[in-house]
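Okay, so here's the structure we're looking at.
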Amino acid sequence: MPTIFTKIINKEIPADIVYEDEKCLAFKDINPQAPVHILVIPKTEIRSLADITPEHQELMGYLLCKVTEIAKAQNLKEGYRVIINTESHGGQTVYHLHIHIMGGRQMNWPPG
Ligand code: AMP
């Protein structure tokens, strides 16, 4: 099912886009939990990490490589956290696969 992220991909609603190509989009989280909080999403509609199959192997590798590039472009030299909230116990609220990049402050462990 399309989500609000499909509307962002289709430019039907605005987002603060920091990177875009034919396979993915990265934009600032509307409710940032860190000084830098970016979401990286595939343009293909995939519900969650739980729906990934071997056919997605190349795309998933591609997205992770983009995470590294985007983190570098954001100057997150001291590190950052990468999160994929998955389904309800994982705290997922938007059911379009997305990778959070959070940085610019010290992260703690364990997360809540
Ligand atoms: P999750 O809880 O992992 O599903 O994360 C969904 C994230 O999407 C949350 O951090 C929201 O703040 C963010 N979000 C929801 N709607 C928008 C939007 N229109 N633009 C940017 N970020 C959004």
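Values in this document were obtained by computation on a predicted structure and should not be read as measured data. Remember, it's 1-based here, ligands and their atoms both numbered in the order they're listed.
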Could you go through the ring pair (Phe, Tyr, Trp, His ring centres under 6.0 Å) check for H96 and H98 one step at a time?
CA-CA 6 Å; H96 182 125; H98 51 280; 8.0 Å; no
Show me which atoms of ligand 1 lie under 4.0 Å from any heavy atom of [X].
X: N31; value: 12 (O)
X: T93; value: 1 (P), 2 (O), 4 (O), 5 (O), 6 (C)
X: I8; value: 18 (C), 19 (N), 20 (N)
X: F5; value: 8 (O)
X: F27; value: 21 (C), 22 (N)
X: K28; value: 21 (C)
X: N85; value: 1 (P), 2 (O), 3 (O)

Report the distance from atom [atom1] of [X] to atom [atom2] of [Y], rounding to the nearest 0.5 Å.
X: H56; Y: L97; atom1: NE2; atom2: CG; result: 9.0 Å
X: D21; Y: K23; atom1: CG; atom2: NZ; result: 7.5 Å
X: I83; Y: H100; atom1: CD1; atom2: NE2; result: 6.5 Å
X: I9; Y: T3; atom1: CD1; atom2: OG1; result: 7.0 Å
X: I70; Y: L63; atom1: CD1; atom2: CG; result: 9.0 Å

Salt bridge present between K66 and E20 (N-O < 4.0 angstrom)
no
[X] touching ligand 1 at heavy-atom level, < 4.0 angstrom:
X: D16; result: no
X: A15; result: no
X: Y95; result: no
X: H100; result: yes
X: K7; result: no

Does L39 approach ligand 1 within less than 4.0 angstrom via side chain, backbone, both or neither, non-hydrogen atoms only?
side chain
When only distance counts, is [X] in polar contact with ligand 1, meaning an N/O pair under 3.5 Å?
X: Q92; answer: no
X: I13; answer: no
X: I30; answer: yes
X: H98; answer: yes

Verify same cluster id: I30, I41 (apolar side-chain graph, 4.5 Å)
no
Side chains of S48 and E87: any donor to acceptor distance under 3.5 Å?
yes
For the ring pair F5 and F27, is the centre-to-centre distance below 6.0 Å?
yes
